[in-house]
Amino acid sequence: MFDEKLTERERNVLRYIVQQFILTASPVGSRNMAKRYDLNFSPATVRNIMSDLEDSGFINHPHTSAGRVPTDKGYRFYVDSLMQIDPLGFDTRAISSQLDALRQSQPDELLSLVSRILSSITHQLACVLYPKLDSGILEKIQLVWLSSTRMLVVISISSGMVKTITIEINVEINESQINRVQELLNERLSGLALSEIRNTFHDRMKDFTDELHPILSIFFDSVDKIFADARSNDKAIISGAGQLLKQPEFENPDRFQSVVQLIEDKDIIIHVFEKSVSAAQNNVAVTIGSENVIPELGDFSLVTKEYEVGDVKGTLGVVGPKRMEYDKIVAIVDYVATMLTQILTNK
């Protein structure tokens, strides 16, 4: 929240500049503002107020135009102090009915569809990150014999999330060995968080028998990989590139390229999403332009929030131009995250 004080007139003019620029993508002039909004003072007074706001860094003007546009500082003040979020300012029934129809979907399918729905209703690039499994409690491990030298490890978290990994073993194994190792792993590891398993696995399993050595040795050597968080490029679901590219900001080839890079390198989105929600304290996080930790996102704003799946959390949100309808999008992201938490909790 900004500590800087603005007069009521300055607040009103800044609010209208932001709102008008969001609607038109064109710099806002004093004469246009005085005509369009009931400010009760002259265009000359509006120009003076605009000049003061520009001196304070809330707005600036492109060198080719006499109109003003919001700066990152202006957008931040608007989001923190001026915008009014109307929870009924969008059709919650339409969103609710779409999400309710997904209640029987598997988690992977559900998260993918939620990403598409979020993009469709916000007209921005939407992303859903899979939950971070580090704090998830292991429910059970299943070992599936694929061949004499390959097995599938299925890790089920108490929240209902599942991680799978295929392991290559350089000696021949049989199904009975796998079953015995599976029993042993479940007996000693079930009920523990994945992070705790990684840190204590060697102590908990150090008395294994030689007969089981070929399989268990793989777990000893690869415990960090097997019980890793599983957050990777394939765990970020991105939808709506076409929606984003329709925005006038991205008609510029350089900015178009930045969108392509964003879509191709999902690690960027994962990193900035996790950074944005870490300071949000379970609220919707709004990160604007230069506030983003990665310079490539200087032309973008992010609106993100965590959702919950039992004892683990994921993140969802949208990426768009700084000229976005923050009041509407904040409300939508908040609502979708809450609905997704309810659906996943009741599965």
Side-chain angles (χ1 to χ4, degrees), residues 95-96 99 102-103 105-119 122 124-140 154-165 189-199 224 226-239 266-287 291-294 301-319 329-347:
I95 299 174
S96 179
L99 294 176
L102 306 178
R103 287 186 180 273
S105 303
Q106 293 299 313
D108 283 3
E109 181 186 9
L110 174 61
L111 298 184
S112 179
L113 292 171
V114 165
S115 178
R116 276 182 264 165
I117 291 172
L118 190 56
S119 172
T122 61
Q124 309 291 344
L125 188 75
C127 182
V128 178
L129 304 190
Y130 274 57
K132 296 187 70 172
L133 300 183
D134 250 12
S135 59
I137 304 301
L138 177 66
E139 186 175 86
K140 65 179 178 179
V154 182
I155 298 175
S156 299
I157 308 300
S158 58
S159 60
M161 303 303 295
V162 175
K163 176 192 174 183
T164 61
I165 183 171
L189 304 179
S190 293
L192 301 176
L194 294 196
S195 57
E196 186 178 2
I197 292 174
R198 290 201 308 273
N199 294 332
D224 287 339
I226 295 171
F227 296 101
D229 176 44
R231 175 67 59 75
S232 62
N233 268 352
D234 63 341
K235 299 302 181 184
I237 305 166
I238 298 176
S239 305
K266 293 182 181 179
D267 281 338
I268 293 177
I269 287 186
I270 291 172
H271 181 61
V272 295
F273 267 44
E274 290 179 342
K275 283 289 186 181
S276 66
V277 299
S278 64
Q281 299 179 341
N282 296 322
N283 294 319
V284 177
V286 179
T287 311
E291 297 172 355
N292 288 305
V293 294
I294 295 179
S301 285
L302 282 67
V303 180
T304 56
K305 186 176 182 179
E306 288 185 323
Y307 64 92
E308 298 179 4
V309 192
D311 45 19
V312 297
K313 293 181 179 181
T315 307
L316 61 77
V318 301
V319 181
I329 291 177
V330 166
I332 291 173
V333 168
D334 187 25
Y335 184 78
V336 171
T338 301
M339 283 288 297
L340 181 57
T341 294
Q342 293 175 357
I343 292 171
L344 291 170
T345 300
N346 295 329
K347 270 192 171 294

Fill in: Nearest-0.5 Å distance that lies between atom CD1 in Ile343 and atom OG1 in Thr338
11.0 Å

Discussion item. Under the criterion side-chain contact (heavy atoms from CB on, under 4.5 Å), I'd like the reasoning laid out for Asp134 against Arg198: C-alpha separation, chi angles, the key distance, then a yes or no.
Written reply: CA-CA 10 Å; Asp134 250 12; Arg198 290 201 308 273; 2.8 Å; yes

Worksheet item: After noting the C-alpha distance and the side-chain angles of Val272 and Leu302, does the key distance pass the side-chain contact (heavy atoms from CB on, under 4.5 Å) rule?
Response: CA-CA 9 Å; Val272 295; Leu302 282 67; 3.4 Å; yes

Worksheet item: Just by modelled atom types, is the Ala337 backbone N or O under 3.5 Å from a matching donor or acceptor in the Thr341 side chain?
Response: yes

Worksheet item: Got a donor-acceptor contact below 3.5 angstrom from the Thr315 side chain to the Lys305 backbone?
Response: no

Worksheet item: At what distance, to the nearest 0.5 angstrom, does CG of Leu344 lie from CE of Met339?
Response: 11.0 Å

Worksheet item: What are the two closest heavy atoms between Val286 and Glu291, and how far apart are they?
Response: O-OE1, 4.0 Å

Item to complete: Please report the closest heavy-atom contact between Ser156 and Val162, naming both atoms and the distance.
Response: OG-CG2, 4.1 Å

Worksheet item: Is the backbone N or O of Ile226 less than 3.5 Å from a side-chain atom of Lys163, with the two atoms forming a donor-acceptor pair by type?
Response: yes

Worksheet item: What are the two closest non-hydrogen atoms of Leu194 and Phe227, and how far apart are they?
Response: CB-O, 3.9 Å

Discussion item. Nearest 0.5 Å, please: how far is CD in Glu139 from CG in Leu189?
Written reply: 14.0 Å

Item to complete: Determine whether Gln124 and Val303 make a side-chain contact, defined as any pair of heavy atoms from C-beta on separated by less than 4.5 Å.
Response: no

Practice prompt. Let me see the working for Leu192 and Leu138 under side-chain contact (heavy atoms from CB on, under 4.5 Å), right down to the final yes or no.
Written response: CA-CA 6 Å; Leu192 301 176; Leu138 177 66; 5.6 Å; no

Worksheet, complete the sentence: In terms of heavy-atom contacts, Leu111 and Val128 come closest through O-CG2, 3.9 Å

Practice prompt. Please round to the nearest 0.5 Å and tell me the distance separating atom CG of Leu316 and atom CG of Leu340.
Written response: 6.5 Å

Worksheet item: Taking Leu118 as the fixed residue, which of Leu125, Ile329, Leu113, Val336 is the one that meets the side chain to side chain contact (heavy atoms under 4.5 Å, CB included) rule?
Response: Val336

Discussion item. Can you tell me how far apart OG1 (Thr287) and CZ (Phe273) are? Round to the nearest 0.5 Å.
Written reply: 9.0 Å

Worksheet entry | Any donor-acceptor pair under 3.5 Å from Ser239 side chain to Ala126 backbone | no

Discussion item. Measuring from atom OG of Ser190 to atom CD1 of Ile197, what distance do you get when rounded to the nearest 0.5 angstrom?
Written reply: 8.0 Å

Worksheet item: Between Pro131 and Tyr307, which heavy-atom pair has the shortest distance, and what is it?
Response: CD-OH, 3.4 Å

Worksheet, complete the sentence: Closest non-hydrogen atoms of Ala236 and Cys127, given as atom of the first, atom of the second and distance, are CB-SG, 4.3 Å

Fill in: Exercise: do Ser276 and Thr304 side chains pair donor with acceptor under 3.5 Å
yes

